[in-house]
Amino acid sequence: MSDEITQNPEAQAAPDAAPAAVEGGDRPEGRGARGPRGGRGRGGGDRGGRGRRDDNRRGGRGGDEEGGEELIEKLVHINRVSKTVKGGKRFGFAALVVVGDGKGRAGFGHGKAREVPEAISKATAAAKKAMVRVPLREGRTLHHDGLGHFGAGRVHVRSAPAGTGIIAGGPMRAVFESLGVADVVTKSIGTSNPYNMIRATFEALGEQTSPKSVAQRRGKKIADLMARREGLSAAEAEAQAEAVAE
């Protein structure tokens with residue numbers, strides 16, 4: 001039998017032909033069946049690419065929400081509190097933060113958390129949501145004097161000539177620095193509680209009005225108000241009226 005197989009070349013080719021048929025017929029089909037899976041794999045890669053593009057777009061929207069605006073953040077006060085529980089003492093922190101853009105907008109907020117960084121971040125987020133606009137004279141000082149009162153705190157704020165600087169202490173200085181005020185004179189009477197001082201200061205700033213808003217409310221020209229307040233001539237009043245900005 002071994003001699004016949006050895007001498008008959010067709011008998012040797014037949015076993016080789018069968019695997020060839022299997023490779024040529026079934027296995028290409030098998031590869032073709034795997035082909036869609038490969039295509040789906042490539043499609044999955046496309047989906048991954050789309051996911052990356054979506055992530056990039058989301059990052060762009062986040063940047064637009066911030067608006068590229070640089071804010072001045074001032075940490076005014078941190079208070080540590082403790083609560084006695086069954087296992088011992090549990091500590092917490094409260095932060096008071098003032099935020100401003102240095103161009104006439106400022107706000108304050110406070111936050112509480114178990115850790116200091118988290119409390120500061122909560123207070124900063126609250127301050128950004130509570131920002132208010134204050135009209136400034138020549139972009140450096142207040143338009144007029146003001147009085148703010150909250151609780152046992154009472155503060156006086158006064159406009160000042162150029163070169164005076166910020167004459168204020170403690171929490172009030174943080175407010176004017178973040179607001180962008182360069183010349184102001186202040187006085188705090190009563191409590192030294194930073195929360196009450198900050199609230200009283202913002203109450204005084206909330207009463208600030210500009211000549212433009214007063215002129216619109218009274219139906220007059222800004223130059224007429226400027227001339228009456230400072231005793232200027234018509235030409236000088238017109239020049240100052242043009243320089244008045246919110």
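Keep in mind the model is a prediction, meaning the values are calculated, not measured.
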Considering only distance and modelled atom types, tabulate donor-acceptor pairs under 3.5 Å from the side chains of residues 146-156, sequence neighbours left out.
residue	atom	partner	partner atom	Å
His149	NE2	Gly151	O	3.1

Show me the donor-acceptor pairs within less than 3.5 Å that the side chains of residues 94-102 make with the rest of the protein, sequence neighbours left out.
residue	atom	partner	partner atom	Å
Asp101	OD1	Lys103	N	2.9
Asp101	OD1	Arg105	N	3.0

Heavy-atom side-chain proximity of Lys74 to Glu177 below 4.5 angstrom | yes
Does the side chain of Thr124 come within less than 4.5 Å of Leu71's, by heavy atoms?
-> no
Taking side chain as C-beta onward, heavy atoms only, is Val185 less than 4.5 Å from Thr164?
-> yes
Are the side chains of Leu136 and Thr141 in touch, meaning some heavy atoms are under 4.5 Å apart?
-> no
Val81: partners by side-chain contact (heavy atoms from CB on, under 4.5 Å), with sequence neighbours left out | Asn79
Which pair of heavy atoms, one from Thr201 and one from Met172, lies closest together, and at what distance?
-> OG1-CG, 3.5 Å
Distance-only donor-acceptor pairs under 3.5 Å for side chains of residues 189-199, two or more places apart:
residue	atom	partner	partner atom	Å
Thr191	OG1	Asn193	N	3.0
Asn193	OD1	Tyr195	N	2.9

Please set out all donor-acceptor pairs under 3.5 angstrom arising from side-chain atoms of residues 106-123, sequence neighbours excluded.
residue	atom	partner	partner atom	Å
Arg114	NE	Phe91	O	3.3
Ser121	OG	Pro117	O	3.4
Ser121	OG	Glu118	O	2.7
Lys122	NZ	Lys112	O	3.1

Which residues share a side chain to side chain donor-acceptor pair (under 3.5 Å) with Arg140, sequence neighbours left out | Glu138, Asp183
Inspect the surroundings of CZ in Arg158 and state if more than 12 heavy atoms from other residues, nucleotides or ligands are less than 6.0 Å away.
-> no
Quick one: pull up CG in Leu179 and CD1 in Ile72 and give me the separation to the nearest 0.5 Å.
-> 9.5 Å
From CZ (Arg137) to OG (Ser159), nearest 0.5 Å | 6.0 Å
